[in-house]
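Only one structure is covered here, and it is reproduced in the block below.
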Amino acid sequence: MRRLEILNNKMSYPEYKQPLNYGQVGTDILAWWKQNSIFEKSVSSREGQPTFVFYEGPPSANGAPGIHHVMARTVKDIFCRYQTLLGKQVPRKGGWDTHGLPIELQVEKELGITKEDIGKKISIEEYNQRCRETVMRFKAQWDDLTEKMGYWVDLDDPYITFEPEYIESCWALLKKLYDKGFLYKGYTIQPYSPAAGTGLSSHELNQPGTYRDVMDTTVVAQFKVVRDAASEKLFAADDAAPLHILAWTTTPWTLPANTGLAVGKNIPYVLVRTFNPYTGAPVRVVLAEALVGKYFTEKGKEASSEDFKPGDKVLPWRIENTFKGADLVGIKYERLFGHATGFPVFENEENAFRVIVGDFVTTEDGTGIVHISPTFGADDFRVAQQNGIPALMVADDEGKLSPIVDRTGRYVAQMGEFGGRWVKNYDGHDQSGADYKTLDESIAIRMKGDGTAFKVEKYEHTYPHCWRTDKPVLYYPLDSWFIKTTAVKDRLIELNKTINWQPASTGTGRFGNWLENLVDWNLSRSRYWGTPLPIWRTQDGTEEICIGSIEQMKQEIDKAVTAEIMTHNPYANGEKVDLHRPYVDDIFLVSPSGQPMYREPDLIDVWFDSGAMPYAQWHYPLENSEKFHKNFPADFIAEGVDQTRGWFFTLHALAVMLEDSVAYKNVMANGLVLDKNGNKMSKRLGNAVDPFATIAQYGPDATRWYMIANAQPWDNLKFDLNGITEVQRRFFGTLFNTYSFYALYANLDGFQATETARVPHHELSELDRWILSKLQSLIKEVRGHYDAYDPTKAARASRIS
RNA sequence: GGGCUUGUAGCUCAGGUGGUUAGAGCGCUACACUGAUAAUGUAGAGGUCCCUGGUUCGAGUCCAGGCAGGCCCA
């Protein structure tokens, strides 16, 4: 061993005739570390010292590691080693993320099946077994890279998210949230195919051919403003003429579900005095200034309103007033389809029909004011929720609240004259008759008569279609389980301000803004390979139980057996428990009133798994309470910036909800590793850099030094192998040459530096004192940079130049 | 469409709170050394500080608006 030679040779400094082989140096050092358990000792020898807590964000081993993983892990390693050198004990438990959609999709691709085939062509049991095998396929490669790049982390005792203990911890945490009232069943707006009767994933929506050009009837609707204190400023004091807000929609069938109008806060709007083109009645309308030209002509500006007769092509118009969107907020308006004409009353109606701000409002098309129907649009739903605008829901036959369209794509019976009409042609009925009207057309005709339509026209636009049925997709509320993160929003924001983000802008900007606009965390995934939701419910949904441990589940099974809902307890004799589907689906429990309870079929979002790692890695809260508390929160975590809404968020959210604490005190969000031209690396483009080949050729030291010294980790790195060559020559080469120079002359003079036999300070030459002073200054500077979590400045300060 | 981010020499990057002639390393050119030699030393050439406006006595730096690239989200 070269290193041992160096350490043992007390007589002289080795002189190298050959230039260094950096790959070989890496291999030698690794072997020496391994042989002498250096990493283990770096932790065990500091027993009793203060700990520096580090969390390893679990990678997924279902793909080969790339060069960007070397980047992320270099950052992690640097700070853990720095803290170790400062004398702290830094345990580093590895982990594996094993659940989730990417693994499922990979398995489906390999088996040549789709989601619909699961449970038919292949049993859930077999399918999940395949996922389990697939997910760790590249583990050996990952371990190899970890070792070769010199990343110190404990790979012998990692946490694995599919293990029963890990899932059990997740269940225990879910139950804690449940008991605090943070878990509830609600709905979100998701793409839904009425003809297929199923929700569509974003993945399915991104299939080629789903977006098609269609010709739809569009309506610019007039919403009549209620004259009160909020709207008084719009009315001229002495003018009682009605005032309307204009909003455009390509889906007129959603207008009866309208409960709000959204404006852009800073968009300029105008009040225009004109006439309704269908009724000829004088009106005053509000729309965005930028879109006036879309509805009014130059001719109309000069036309006299006294000469106007109903039916005239040219609408005379005058701008009466100008204001910002913010001025309109809070104004109330009358419902378009009211009770008086047979439309249903709904809950919380007094809070509906208001103008609010929507961050998605533009003046690209329409009127610059967006009609909001919270049951049929994701943006609508979100902005309505944030502003306390209710959704228009009606009771179905069983008394359950549902939207005005049923799951087959038809208006519910309560919809007055339109009750039972198909929203789109989902049943394939005959549309050829001369008198045939679509629902959109019928609604537009009625609105023209009511004087609530300002403009009706056909419009061609692209709209997503179901890839299986070719029918247009409906954005529709679907049941989901949620964690009520909005309940602790203020606390999330407050505690986030105590976290040291590197770079700071990610914490205040990307993450901070995300928290400001927080919506509840949608936990539900209609999938197979993941942590099942531990909630059992009676058929009518009135009774439910959240299971927090295997022990509790067994007890509940016993109760169910006694109540003859289950024939026997499959775990009565200490059989191994697997908490995955389909096993948990075969467990039926009994409610306090004696009803059978069925498991809610959803899985939970995999991000819950990784966000739960501070607890679940120790099987806490079921055991290891002391260990957990000693290792919470983390002093430091690091991951790619793409994790901001992933791991960084779920860690934070769970810590705040469960422990009222941050999960991490310092966090570094590193950027991407791009190719040397600044393009994203991908296997398809063939510009991906192989980390193994790179490390073998250039050695781990030069590779890591290059990555850290070249650009700050949070900036994107344009990865160029020539840059590593430069680092080798410029930094490591110079270091090597400096040493060789020293060794040559030290050996000639028989000079020997030792720890103890030092020349006293006052006998040192001025030059020697200068260089020592320089060294001390450098140490101080480098430490300052490390303490500020800025490894690039630390590296550049140490650079020989 | 929104949030964040980047744009300075051929390349990779520095340039608190505005202030002379805008810097470093690599690369390039020339010279020196030839017992640090797949090195080393010295010197040099090389810039529309992305664009347009504004604030100011003065803008790479501050403000506004664009353009281009990147990430995340709709």
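Reminder, nothing fancy here: chain letters follow the sequence lines and each chain counts from 1.
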Any strand: nucleotide that pairs with [N] via Watson-Crick or wobble, under 3.5 Å:
N: rG58(B); value: none
N: rU21(B); value: none
N: rG44(B); value: rC28(B)
N: rA64(B); value: rU52(B)
N: rG1(B); value: rC73(B)
N: rG16(B); value: none

How many Å lie between [atom1] on [X] and [atom2] on [N], as a whole number?
X: F649(A); N: rC4(B); atom1: CZ; atom2: P; result: 19 Å
X: L518(A); N: rC73(B); atom1: CG; atom2: C1'; result: 14 Å
X: L735(A); N: rU40(B); atom1: CG; atom2: C1'; result: 15 Å
X: E639(A); N: rC72(B); atom1: CD; atom2: C1'; result: 16 Å
X: H68(A); N: rG70(B); atom1: NE2; atom2: C1'; result: 16 Å
X: L672(A); N: rG69(B); atom1: CG; atom2: C1'; result: 12 Å
X: Y742(A); N: rA36(B); atom1: OH; atom2: P; result: 17 Å
X: W501(A); N: rU5(B); atom1: CH2; atom2: C1'; result: 15 Å

For [N] versus [M], give the span between their [atom1] atoms, rounded off to a whole number of Å.
N: rU21(B); M: rG25(B); atom1: P; result: 23 Å
N: rG35(B); M: rA24(B); atom1: C1'; result: 31 Å
N: rG15(B); M: rU55(B); atom1: P; result: 29 Å
N: rG10(B); M: rC62(B); atom1: P; result: 24 Å
N: rA68(B); M: rA32(B); atom1: C1'; result: 46 Å
N: rG3(B); M: rU20(B); atom1: C1'; result: 41 Å
N: rG60(B); M: rC49(B); atom1: C1'; result: 5 Å
N: rU48(B); M: rG41(B); atom1: P; result: 30 Å

Where do N or O atoms of nucleotides 62-64 of chain B meet protein N or O atoms at under 3.5 Å, pair by pair?
none

Are D602(A) and L523(A) side-chain neighbours, meaning at least one heavy-atom pair lies under 4.5 Å?
->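 No, every pair of side-chain atoms sits at 4.5 Å or beyond.
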Flag the pair K489(A) and E516(A) as a salt bridge only when some basic side-chain nitrogen lies within less than 4.0 angstrom of an acidic carboxylate oxygen.
->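 E516(A) and K489(A): not salt-bridged.
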Distance only, no hydrogens: is a donor on one side chain within 3.5 Å (strictly under) of an acceptor on the other, for [X] and [Y]?
X: D787(A); Y: Y82(A); value: yes
X: Q24(A); Y: D28(A); value: yes
X: D97(A); Y: S60(A); value: no
X: S373(A); Y: T375(A); value: no

Under 6.0 Å between the ring centres of W248(A) and Y295(A)?
->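 No.
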Could you tell me which non-hydrogen atom of P477(A) sits nearest to which non-hydrogen atom of Y187(A), and how far apart they are?
->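 Reported closest heavy-atom pair: CB-CD1, 3.0 Å.
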Report yes if a side-chain nitrogen or oxygen of S505(A) is closer than 4.0 Å to either non-bridging phosphate oxygen (OP1 or OP2) of rC4(B); otherwise report no.
->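 Answer is no, no contact under 4.0 Å.
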Decide yes or no, distance alone: a donor-acceptor N/O pair under 3.5 angstrom between the base of rC71(B) and the side-chain of R510(A).
->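 Between rC71(B) and R510(A), which were checked side chain against base, a qualifying N/O pair under 3.5 Å is present.
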Identify all pairs in which a protein N or O lies below 3.5 Å from an N or O of nucleotides 8-13 of chain B, and state each distance.
unit_1	atom_1	unit_2	atom_2	d
rU12(B)	OP1	K718(A)	NZ	3.1
rU12(B)	O3'	N710(A)	ND2	3.4
rU12(B)	O2'	N710(A)	OD1	2.1
rU12(B)	O2'	N710(A)	ND2	3.0
rC13(B)	O2'	R796(A)	NH1	3.0
rC13(B)	O2'	R796(A)	NH2	2.9

What's the closest nucleotide to the N513(A) side chain, out of rC71(B), rG15(B), rC4(B)?
->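 Nearest nucleotide to the side chain: rC4(B).
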For L674(A) and A378(A), take the nucleotide of RNA chain B holding the closest heavy atom to each; which residue's nucleotide lies nearer the 5' end?
->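 So the residue in question is L674(A).
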When you match D379(A) and G509(A) each to their closest nucleotide on RNA chain B, which lands nearer the 5' end?
->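 Looking at RNA chain B, the more 5' nearest nucleotide goes with G509(A).
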Qualifying side chain to side chain donor-acceptor pair (under 3.5 Å) pairs with a residue from residues 500-510 of chain A, counting only residues at least two apart or across chains |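 Those involving residues 500-510 of chain A are N496(A)-W501(A), N500(A)-N666(A).
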With a cut-off of 6.0 Å (strictly less than), are more than 12 heavy atoms of other residues, nucleotides or ligands near CZ of R783(A)?
->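 No.
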Would you please classify the geometry between the W253(A) ring and the F376(A) ring as parallel, tilted or perpendicular, with 30° and 60° separating the classes?
->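 Perpendicular.
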